[in-house]
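The structure appears right after this line, and notes come after that.
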Amino acid sequence: MPLHLQTPLLHSRPLSLRTGKNVWLKLDALQPVGSFKLRGIGAACEAHAAAGKTRFVSSSGGNAGIAVAYAGRQLGIPVTVVVPETATAHARRLIEQEGASLIVHGASWQEANERALSLLDADTAFIHPFDDPMLWSGHASLIDEVVQAGIAFDAVVVAVGGGGLLSGVVEGLRRNGLADLPVIAVETHGADSLAQAMQAGQRVVLPSIASVATSLGAKQVCAQAFELSRSHDIRSQVVTDRAALEACLQFLQDHRLLVEPACGAALAALYDGASTALAPFQSPLVVVCGGATATHEQLQTWLRAQPDAAS
Ligand SMILES: *Cc1c(COP(=O)(O)O)cnc(C)c1O
């Protein structure tokens with residue numbers, strides 16, 4: 001039995017009416033940890049446990065850390081998550097709630113990650129948040145489920161951070177005979193490490209992350225995601241933080257699910273009428289990747305702090 005759930009697949013009436021398309025939603029926001037991350041991380045943790053590892057370490061103050069903590073608790077394996085001082089109180093609580101020991105260290109993720117790496121020994125598995133083939137094949141189960149449901153879809157809309165989810169989606173398409181199906185890869189301005197790499201023709205390192213979509217905040221996408229952008233039909237779209245936040249609030253209204261701006265970015269590709277990447281497609285599948293770390297109050301505070309749409 002895998003640690004993740006088979007999630008509902010909905011035909012969205014509100015989004016279909018709004019866009020004039022058949023919009024399908026794969027609701028991974030309903031995973032027990034609130035995000036798709038459990039698919040790949042659960043599979044990786046199970047493999048490490050079977051290989052005899054007796055401790056898991058993560059350096060993610062976001063959904064990856066929560067998923068490792070959950071997987072460890074389910075498997076009876078102790079977990080240590082090292083997060084930087086910037087990790088929100090809410091995210092810390094979610095990690096501790098899963099029974100993991102939380103170490104707060106350093107001003108940025110780099111420092112927390114160095115501390116996490118210093119804790120490793122032969123019995124400990126380090127669980128990377130996105131750059132691991134075990135994660136990608138775990139994430140690919142999302143596409144397996146959609147294909148098994150037998151719906152017709154002609155594009156996949158997916159948010160991109162470090163590119164683990166994107167790599168899993170493409171792996172899932174390929175292993176289900178859908179290697180030609182286009183993927184719309186959505187990022188926010190300020191966290192657009194894939195868009196910039198595709199433009200430059202090589203991977204780039206962003207100087208900093210300047211977006212409220214913190215779960216998309218990888219300064220560099222993994223090599224696999226960049227390589228897939230050359231071998232698969234991947235179309236990049238970059239949305240504003242405002243569009244991502246407004247999509248979150250509209251989605252809450254339409255489907256009663258609270259998701260992070262990282263997921264709102266993918267939803268903005270549909271809610272934002274100015275979006276052109278989707279124009280050629282009739283039946284998009286949206287990966288509702290979820291995210292547990294943003295409260296409703298936080299979304300509203302972020303939205304109030306956005307510059308005016310016109311300026
Ligand atoms: C991790 C995460 C992403 C991005 O996934 P990557 O594998 O890093 O590209 C998007 N949305 C949510 C909610 C996440 O937790």
Side-chain angles (χ1 to χ4, degrees), residues 4 7 26-44 58-70 87-88 90-91 94-95 109 127-142 156-172 183-188 191-195 197 203 206 209 211-226 228-229 234 236 239 244-245 247-248 251 257-269 286-295 298-299:
H4 68 264
T7 52
K26 183 59 172 163
L27 293 181
D28 259 44
L30 294 176
Q31 292 290 352
V33 296
S35 82
F36 76 94
K37 287 251 175 22
L38 188 56
R39 292 182 183 270
I41 285 176
S58 163
S59 58
S60 159
N63 296 303
I66 300 166
V68 176
Y70 176 89
T88 64
H90 184 58
L94 292 171
I95 291 164
W109 176 80
I127 314 294
H128 196 279
F130 55 82
D131 195 2
D132 177 349
M134 278 196 285
L135 257 63
W136 309 333
S137 56
H139 295 335
S141 62
L142 185 150
V156 183
V157 181
V158 61
V160 177
L165 177 58
L166 174 67
S167 299
V169 163
V170 173
E171 180 171 334
V183 175
I184 319 272
V186 192
E187 296 168 292
T188 49
D192 51 344
S193 48
L194 177 68
R203 283 198 296 159
L206 301 180
I209 298 300
S211 169
V212 298
T214 49
S215 294
L216 304 186
K219 289 185 182 172
Q220 186 178 41
V221 287
C222 63
Q224 173 75 357
F226 177 67
L228 289 173
S229 75
I234 291 178
S236 169
V239 303
L245 289 163
C248 287
F251 188 69
L257 286 172
L258 182 69
V259 299
E260 286 181 19
C263 180
L267 294 166
V286 187
V287 177
V288 183
C289 49
T293 72
T295 61
Q298 177 74 76
L299 293 179

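In listed order, ligands and their atoms are each counted from 1. Nothing fancy with the numbering, it's 1 onward along the sequence.
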Looking only at the side chains, is there a donor atom on one of E260 and S215 sitting less than 3.5 Å from an acceptor on the other? yes

Partner set under salt bridge (Lys or Arg N to Asp or Glu O under 4.0 Å) for D28, not counting sequence neighbours: R39

May I ask you to check whether T7 and K26 show a side-chain donor-acceptor distance below 3.5 Å? yes

Do T293 and I66 have side-chain heavy atoms sitting under 4.5 Å apart? yes

F251 meets the ring pair (Phe, Tyr, Trp, His ring centres under 6.0 Å) criterion, sequence neighbours left out, with H255

Considering only heavy atoms, which protein residues lie less than 4.0 Å from any atom of ligand 1? F36, K37, N63, F130, V160, G161, G162, G163, G164, L165, S215, L216, A262, C289, G290, G291

List for me each residue that meets side chain to side chain donor-acceptor pair (under 3.5 Å) alongside T188, sequence neighbours excluded, and say none if there are none. S211

